[in-house]
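Taking it in order: structure first as structure tokens, then the write-up.
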Amino acid sequence: MTETALFTDNFYILDDGRVRQFLVTGEEDALLIDTGFEDSHVCEAVRKITDLPVKVILTHGDRDHAGGLKDFGECYLHKGDWHLIQDGVRLKPLSEGDVFECGGYRFETIEIPGHTYGSVAFFDREKRLLLPGDSVQKAGPIYMFGEHRNLELYIRSQKKLLSLADQADTIIPCHHEYPIGPEYIGRNLEDAEALKNGELKGEKHPVMPCFSCKGKWTEFYYE
Ligand SMILES: [Zn+2]
């Protein structure tokens, strides 16, 4: 069951306890960032808030973000993740610098491949608000196992985000605690580098085919 809450002006957070989405309402249309798991019925939650036409943009193509897509029919998604999407959804390309304006917000697309090859963050510089998908989190776990992930690229993207950290005050990740401060970009980066250097001891996950690797701040699920 997806719960909805108004976070700030025209900006709603939708949350089913596993993953969250963001809905911005404007005068003529609404902007939805991510669509949740298929069984979360995010479309129904959106329709309780607005009956305006909804433009959908995705932080990345994992199924906990793209699962509700078929109820909307189309979305903007970075081409690096198109292969993760089920048939029957019309995909539109999303790339660095693409801007989405709605309800007084102006989200700029920032490519941050690594968690997936098509991961992006949406950044409103004026509001100092960063939506990083799964790529920045307070403590994780950040999923970095499986063939559509790349730790090397993740580290490079965290460095890119770090260069923007002094322009952000509020970061809202799609999982676990929110909001968090921009200091977590550097913390995730520090631990990702330790992971790459083999400095984090891994413990086999009881269910998933990965290891839990805990850094100073962040847990990663890694192979
Ligand atoms: Zn996720």
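Each ligand, and each atom within it, is numbered from 1 in the order the structure gives. Fair warning: this is a prediction, and the values are worked out from it, not measured in the lab.
Each of T170, D166, D169 was scored for a side chain to side chain donor-acceptor pair (under 3.5 Å) with R128, with one residue passing: D169.
The closest side-chain donor-acceptor pair between D62 and H148 falls under 3.5 angstrom.
In this structure, L23 is not a member of the same hydrophobic cluster as L130, with clusters built from ILVMFWY side-chain heavy atoms closer than 4.5 Å.
Closer than 2.8 Å to the Zn ion (ligand 1) sit the protein N, O or S atoms D64 OD2, H65 NE2, D134 OD2, H175 NE2.
V120 forms part of a hydrophobic cluster together with F7, F11, I13, F22, V24, L31, I33, I57, Y76, L94, F100, Y105, F107, F122, L129, L131, I172, Y178, judged by ILVMFWY side-chain heavy-atom separations under 4.5 Å. In the hydrophobic clustering, Y221 connects to Y143, F145, M208, either directly or through intervening members, whenever side-chain heavy atoms lie under 4.5 Å apart.
The side chain to side chain donor-acceptor pair (under 3.5 Å) analysis of residues 42-55, with sequence neighbours excluded, yields no pairs.
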